[in-house]
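I have placed the structure first, in the form of structure tokens, so that the comments after it can refer back to it.
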Amino acid sequence: MTKEEFQQAVSTLRPQLTGQARRYLAEDGEAEDAVQDVLLRLWQMHERLRPPIEGLATVLTRNICIDLLRRRRNSVSCQTLAIEAPEVGQSERLERLMAVVDRLPDVQQTLLRLRHMQGMEMKELATLLQMSEAAVRKALSRARMAVRDEYMRRQKYEEEK
């Protein structure tokens, strides 16, 4: 692949790769760094590449993001994960729900946020957290039950006031 072909391919792929990295990492700066790493690795092998390079770039991006997440596995800040804007009238409910989630153990918080807010699949979660899919499902189920029980307990307490 020539330098010009590489530049053209990269210019069209970069937004897609950045979006993919943001879904994994949730921080723009870290996502940009991951994409830069992908582009550097692609450039180092550009002479051996043949178009299309989209598949290779996507796999590289995913693997680099997972590596970054594994490195910071014990220090994943659940607060940095994005939350979609609530519908009008649901913000109070969402705040109560998030207060319950914030009190869960770190692994359960991370699982809930990655699965339900970031849309990650069970297989991706298992790979990311170095757990079996069955263990992820069980931990996620326990987290959901804990959230439900605590939310219902708090709601009942509020109604009794």
Side-chain angles (χ1 to χ4, degrees), residues 10 12-42 54-161:
V10 164
T12 58
L13 274 177
R14 187 181 183 97
Q16 175 187 346
L17 298 178
T18 303
Q20 179 186 3
R22 280 188 187 125
R23 285 191 298 275
Y24 279 101
L25 302 173
E27 292 181 20
D28 290 343
E30 207 170 15
E32 286 292 332
D33 290 344
V35 171
Q36 283 294 336
D37 195 16
V38 169
L39 297 180
L40 176 64
R41 290 181 189 196
L42 288 172
E54 181 179 336
L56 176 62
T58 301
V59 169
L60 279 173
T61 303
R62 182 192 68 214
N63 291 345
I64 287 172
C65 290
I66 289 173
D67 286 345
L68 289 170
L69 288 169
R70 280 184 182 154
R71 282 188 212 130
R72 69 174 187 178
R73 177 177 159 201
N74 294 331
S75 64
V76 172
S77 172
C78 294
Q79 303 302 324
T80 62
L81 297 175
I83 300 173
E84 293 181 20
E87 293 179 24
V88 177
Q90 290 188 349
S91 61
E92 183 180 318
R93 225 172 99 194
L94 181 61
E95 284 178 24
R96 277 196 241 151
L97 186 62
M98 292 312 297
V100 171
V101 171
D102 290 342
R103 300 187 84 204
L104 291 174
D106 288 341
V107 173
Q108 288 183 343
Q109 282 186 38
T110 302
L111 279 170
L112 282 172
R113 292 174 192 264
L114 289 175
R115 175 70 175 154
H116 295 292
M117 294 174 196
Q118 298 295 320
M120 290 181 76
E121 297 295 324
M122 293 292 183
K123 190 173 188 174
E124 292 174 311
L125 289 170
T127 302
L128 176 66
L129 298 173
Q130 296 176 340
M131 299 167 70
S132 68
E133 283 188 58
V136 168
R137 281 191 182 88
K138 190 166 199 157
L140 197 52
S141 176
R142 287 183 176 160
R144 288 176 185 142
M145 286 190 303
V147 168
R148 183 195 66 209
D149 293 344
E150 182 64 18
Y151 183 81
M152 296 303 280
R153 187 184 66 73
R154 286 184 179 196
Q155 191 170 355
K156 185 177 178 182
Y157 177 76
E158 290 291 323
E159 289 174 359
E160 290 176 355
K161 278 187 172 180

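One-based numbering along the sequence shown.
- Nearest heavy-atom pair, Ala57 versus Val38, reported as atom, atom and distance to 0.1 Å: O-CG1, 4.0 Å.
- Not counting sequence neighbours, the partners of Thr58 by the side chain to side chain contact (heavy atoms under 4.5 Å, CB included) test are Gln16, Leu17, Gln20, Glu54.
- The nearest pair of heavy atoms linking Leu111 to Val136 is CD2-CG1, 3.9 Å.
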Anything under 3.5 Å between a donor and an acceptor, one on a side chain of residues 146-154, the other on a protein residue two or more places apart or in another chain? List them.
residue	atom	partner	partner atom	Å
Glu150	OE1	Arg153	NE	3.2
Glu150	OE1	Arg153	NH2	3.3
Glu150	OE2	Arg153	NH2	2.4
Glu150	OE2	Arg154	NE	3.1

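- By the salt bridge (charged side-chain N to carboxylate O under 4.0 Å, His left out) test, Arg22 pairs with Asp28, Glu32, sequence neighbours left out.
- Going from atom NZ of Lys123 over to atom CG of Leu128 covers 14.5 Å, rounded to the nearest 0.5 Å.
- Under the side-chain hydrogen bond (donor to acceptor under 3.5 Å, both in side chains) criterion, Arg144 pairs with His116, sequence neighbours left out.
- With sequence neighbours left out, Thr12 forms a side chain to side chain contact (heavy atoms under 4.5 Å, CB included) with no residue at all.
- Contact of the Gln36 side chain with the Arg14 side chain is registered, since non-hydrogen atoms from C-beta on lie closer than 4.5 Å.
- Taken to the nearest 0.5 Å, the CG atom of Asp67 stands 10.5 Å off from the CZ atom of Arg62.
- Separating the CG atom in Leu39 from the CG atom in Leu13 is a distance of 8.5 Å, to the nearest 0.5 Å.
- The shortest side-chain heavy-atom distance between Leu104 and Val100 does not fall under the 4.5 Å cut-off.
- Looking at residues two or more places apart in sequence or on another chain, you find no salt bridge (charged side-chain N to carboxylate O under 4.0 Å, His left out) involving Arg142.
- Rounding to the nearest 0.5 angstrom, the gap separating the CG atom in Leu129 from the OG1 atom in Thr110 is 7.0 Å.
- Among Met120, Met122, Glu124, the single residue meeting the side-chain contact (heavy atoms from CB on, under 4.5 Å) criterion with Arg115 is Met122.
- For the atom pair OG1 (Thr61) and CG (Leu42), the distance works out to 7.5 Å, reported to the nearest 0.5 Å.
- A donor-acceptor pair under 3.5 Å links the side-chain atoms of Gln109 to the main chain of Asp102, judged by distance alone.
- Between Ala21 and Ala34 the shortest heavy-atom distance is CB-CB, 4.5 Å.
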Could you walk me through whether Arg113 and Val101 pass the side chain to side chain contact (heavy atoms under 4.5 Å, CB included) check? CA-CA 9 Å; Arg113 292 174 192 264; Val101 171; 3.8 Å; yes

